[in-house]
Amino acid sequence: MQADTTIERIGGYEGRPVTLTGWVQNRRSSGRIRFLVLRDGTGVIQCVFVKGEVSDAAFELADAVTQESSVAVTGLVRADKRAPGGHELTGTDLALISLAEPYPITPKEHGTEFLMANRHLWLRSSRQHAVLRIRSEIIKAMRDYLDDNDFVLGDTPILTPAACEGTTTLFPVDYFGEQVFLTQSGQLYNEAICAAVRKTYCFGPTFRAEKSKTRRHLMEFWMLEPEVAFLDLKGDMDLAEDLVAHTVARVLEKRRPELETLGRDIAKLEAVKRPFPRISYREAVDLLREKGRDIKPGDDFGAEDETLLGESHDRPVLVHRYPAAIKAFYMKRDPQDASLALAFDMIAPEGYGEIVGGSQREDDLATLETRIAEHRLPAEAFRWYSDVRRYGSFPHAGFGLGIERTVAWLTGVRHVRETTPFPRMLDKIYP
RNA sequence: UCCAGCGUAGCUCAAUCGGCAGAGCAUCCGGCUGUUAACCGGAGGGUUACAGGUUCGACUCCUGUCGCUGGAGCCA
């Protein structure tokens, strides 16, 4: 069955007959009038059926059709001030495609447990629909930005032979009798790719087997990771800042109706413009101590610290030059102070936490080999990684951006589980 | 893994000091010519998570198990 058009484009059909296919979101009746709220995946429109003006069969069907049944509605498009979307359909015919069994998600309140168990159906709700559209827009905006700035999409393996960073827990996979792991970052591979194409990025799923159970964590999440040859820490921060500012602007431009559906405070997003504040780790520690936090130089930030740092600015804040001791082995040390890593985190406002983590990479072969030994990593497994320095080493930098946290921040959704269609969570993998 | 809270109808929740297990929505039947989570009348719907204990009597108190929710650590 072919729809003439979709609800999204209904404005161009005023006064004309159309056929729409979709699902019955709700149904109301009043005497000899039947109201049928149709959802077609692009929008929602109310269809009105008046007894005597449509066939008896169509009128009775409008009364009998259940929530989420799939139907084809034919009718006349009419502008109507009473309609939430500005348009209504005066129904002339109604055909049933499939009658739905009683739908579990009624137009009333539901709890998280129930909704997550029915995630495959929950996606149909207006709120989840809006989040999915914004997620798609965010990804498109970021890829457009990178593609338009001479980046080459490289893509890195999901099955990997060893830990990238050694510290976090990995999901083991049987690879023809050999134990391998699901990737937790494409970065090391990106470093090799950027020596081929100068500017590269990968975008794909990453996996962390940590037993994290917070609103900021999923076991499986998507990460965008650019890596650029001949780039230093400052350039890396410039890139992250420009990418995020560009993405926020795009979402505001293209997905304002969805932001409004979600009740997002749009003024807060409009404030997200370059430049973003940049503070050193030491300045961040001082700021937190002023706010009464018991934190000493050298400590890593906890969730509460991150929230406080994020809330002290109206746009994302970049914290740079962390103690090397709490950062990864591949990060280059600050030439001004060898105890510091040339790393930065971007912390989103409004308590959404760290959305970007990046660094300039160690490009000196001897130093890198020392670090690998210090971290008790198997040198032979990192041979290819060392080769990137052995054959024409070059300064380079990059970062990883967590898509789900970014979507949570921009949509104003509190928990990252609503930012991806089927979240993988601790001990929960259905549906 | 640790800390806290919660498990009652398909869903969201009540049930006073331990004393007859209830409401709204959903479903089914009926009514209403402009409804916006429509409304009005009626009907059906229960192993109170599970196992044990205390008691004349347990949804309620105690012990254990399981599940869920929120948070911490770790991180994006």
Side-chain angles (χ1 to χ4, degrees), chain A residues 25-37 44-53 59 62-64 66-68 78 80-85 88 90 100-118 121-122 125-126 164-165 167-170 183-187 205-225 240 299-307 326-328 345-348 351-358 399-409 414-417 419-420 425-428:
Chain A
Q25 189 173 75
N26 200 359
R27 159 177 66 90
R28 294 178 280 268
S29 68
S30 180
R32 298 159 70 82
I33 291 193
R34 301 285 179 265
F35 302 96
L36 200 145
V37 180
V44 168
I45 194 167
Q46 176 164 276
C47 308
V48 187
F49 295 87
V50 181
K51 192 172 175 68
E53 295 179 23
F59 187 79
D63 203 33
T66 53
Q67 186 188 354
E68 289 302 318
R78 183 165 46 73
D80 193 317
K81 285 197 294 273
R82 292 169 292 191
E88 266 192 2
T90 302
E101 292 181 21
Y103 192 65
I105 304 178
T106 59
K108 286 283 173 182
E109 289 173 28
H110 298 282
T112 303
E113 181 186 356
F114 175 78
L115 289 170
M116 285 309 300
N118 289 283
L121 302 176
W122 188 21
S125 73
S126 59
C164 288
E165 302 183 21
T167 52
T168 41
T169 322
L170 300 167
T183 183
Q184 60 175 349
S185 168
Q187 181 215 310
T206 37
F207 306 87
R208 305 276 165 94
E210 288 155 351
K211 302 223 167 185
S212 302
K213 193 174 167 293
T214 81
R215 66 193 182 92
R216 295 171 181 173
H217 289 87
L218 297 173
M219 304 301 107
E220 176 184 316
F221 65 97
W222 284 63
M223 190 153 66
L224 183 80
E225 296 179 274
D299 292 349
D300 207 351
F301 301 135
E304 180 66 23
D305 300 315
E306 233 176 48
T307 299
I326 57 170
K327 289 290 178 183
D345 285 350
M346 185 189 290
I347 298 167
Y352 286 93
E354 181 188 343
I355 54 172
V356 174
F399 59 84
L401 180 147
I403 292 293
E404 284 76 12
R405 286 188 185 175
T406 305
V407 176
W409 165 43
R414 188 172 158 73
H415 199 300
V416 290
R417 68 184 162 217
T419 64
T420 190
M425 295 163 60
L426 188 60
D427 296 326
K428 198 155 45 177

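Note on naming: letters A, B, ... go to the chains in the order of the sequence lines (proteins, then strands), and numbering restarts at 1 for each one. Reckoned from all heavy atoms, side chains included, excluding hydrogens, waters and symmetry mates. Remember, it's a predicted structure, so these values are computed and weren't measured experimentally.
The base of B:C74 sits with one of its N or O atoms less than 3.5 Å from a complementary donor or acceptor on the side chain of A:S212. With hydrogens and angles ignored, a donor-acceptor pair closer than 3.5 Å exists between the side chain of A:H217 and the base of B:C75. Evaluation of atom-type donor-acceptor distances gives no pair under 3.5 Å for the side chain of A:S30 against the base of B:C39. Checked by distance alone, A:E304 brings no side-chain donor or acceptor within 3.5 Å of a matching partner on the base of B:G71. Contact annotation: side chain of A:R405 to base of B:C75, donor-acceptor pair present below 3.5 Å.
Closest to the side chain of A:R27, out of B:G34, B:G73, B:U27, is B:U27. Side-chain proximity of A:T214 to B:G34, B:G73, B:A76: nearest is B:G73. Here the nucleotide nearest the side chain of A:R215, chosen from B:G71, B:U36, B:G34, is B:G71. Listed nucleotides: B:C74, B:U33, B:A37. Nearest to the side chain of A:N26: B:A37.
Comparing B:A76 with B:U36, their P atoms sit 50 Å apart, to the nearest whole Å. Comparing B:G24 with B:U33, their C1' atoms sit 28 Å apart, to the nearest whole Å. Across the C1' atoms, B:G7 and B:C59 are found 11 Å apart, a figure rounded to whole Å. Distance noted for atom P between B:A23 and B:G42: 11 Å (whole Å). Rounded to whole Å, the separation between the C1' atoms of B:C32 and B:A38 comes to 11 Å. With P as the reference atom, B:A4 and B:A9 are 27 Å apart, rounded to whole Å. When the P atom is used for both B:U60 and B:U55, the distance is 16 Å, rounded to whole Å. Comparing the same atom, C1', in B:G34 and in B:C11 gives a spacing of 29 Å after rounding to whole Å.
Between the CD atom of A:E88 and the C1' atom of B:U35 there is a distance of 9 Å, rounded to whole Å. Separating the NZ atom of A:K213 from the P atom of B:G73 is a distance of 14 Å, rounded to the nearest angstrom. A straight line from CZ of A:R208 to P of B:C75 spans 9 Å, rounded to a whole angstrom. Spacing between atom NZ of A:K428 and atom C1' of B:C68 amounts to 7 Å, rounded to whole angstrom units. Atom CZ in A:R34 sits about 15 Å away from atom P in B:A38, given to the nearest Å. Counting to the nearest Å, the C1' atom of B:U12 and the CD atom of A:E113 are 13 Å from each other. Here the C1' atom of nucleotide B:G10 and the CD atom of A:E109 are 16 Å apart, to the nearest Å. The distance from atom CG of A:L426 to atom P of B:G71 is 14 Å, rounded to the nearest whole Å.
Side-chain polar atoms of A:T206 and A:E220 form no donor-acceptor pair below 3.5 angstrom. Side-chain contact annotation: A:T106 with A:H110, donor-acceptor N/O pair under 3.5 Å present. At a cut-off of 3.5 Å, with distance as the only test, a side-chain donor of A:Q46 or A:E88 sits close to an acceptor on the other residue.
Base-pairing analysis of RNA chain B finds the following stems of at least three consecutive Watson-Crick or G-U pairs, with both pairing distances under 3.5 Å: B:1-7 with B:66-72, B:10-13 with B:22-25, B:27-31 with B:39-43, B:49-53 with B:61-65.
No donor-acceptor distance shorter than 3.5 angstrom exists from the side chain of A:E225 to the backbone of A:F399, with no hydrogens or angles considered. Put simply, the side chain of A:R208 gets close to the backbone of A:Q184: a donor and an acceptor are under 3.5 Å apart. In this structure a side-chain-to-backbone donor-acceptor pair under 3.5 Å is present from A:Q67 to A:I105. Listed for the A:E404 side chain is no donor-acceptor partner under 3.5 Å among the backbone atoms of A:T420. The closest donor-acceptor contact from the side chain of A:T66 to the backbone of A:A100 lies under 3.5 Å.
Counting any heavy atom pair closer than 4.0 Å across all strands shown, A:V356 reaches sugar-phosphate atoms only and no base atom. Residue A:T206 is out of contact with every strand shown, counting any heavy-atom pair closer than 4.0 Å. Across all strands, A:D300 comes closer than 4.0 Å only to sugar-phosphate atoms, never to a base (heavy-atom distances). Using a 4.0 Å heavy-atom cutoff across all strands shown, A:F221 reaches at least one base atom of the nucleic acid. Using a 4.0 Å heavy-atom distance criterion, A:E306 is classed as a base contact. Residue contacts for A:L218: at a heavy-atom cut-off of 4.0 Å it reaches a base atom on one of the strands shown. Across all strands, A:I33 comes closer than 4.0 Å to base atoms (heavy-atom distances). Using a 4.0 Å heavy-atom distance criterion, A:G353 is classed as making no nucleic acid contact.
Remark: A:R414 is in phosphate contact with B:G71, judged by side-chain N or O atoms under 4.0 Å from OP1 or OP2. For B:U35, neither phosphate oxygen OP1 nor OP2 lies less than 4.0 angstrom from any side-chain nitrogen or oxygen of A:R28. Distances shown here put a side-chain N or O of A:R417 below 4.0 Å from the OP1 or OP2 atom of B:G70. Residue A:K108 has no polar side-chain atom (N or O) positioned under 4.0 Å from OP1 or OP2 of B:A37.
When all heavy atoms are compared, the tightest approach of A:R405 to A:Y352 is CD-O, 4.3 Å. Taking all atoms of both residues into account, the shortest heavy-atom contact from A:G357 to A:D345 is CA-OD1, 3.6 Å.
Nearer to the 5' terminus of RNA chain B, by closest-nucleotide assignment, is the contact made by A:T106 (compared with the other of A:A303 and A:T106). With the nearest nucleotide of RNA chain B identified for both A:R32 and A:Y103, A:Y103 has the one nearer the 5' end.
With a glycosidic angle no further than 90° from 0, B:C17 counts as syn.
Salt-bridge formation is detected for the pair A:R216/A:E306: a Lys NZ or Arg NE/NH1/NH2 atom is positioned less than 4.0 Å from an Asp or Glu carboxylate oxygen.
Taking the 5.5 Å centre cut-off and the 30° plane limit, the aromatic side chain of A:F35 is not classed as stacked on B:G34.
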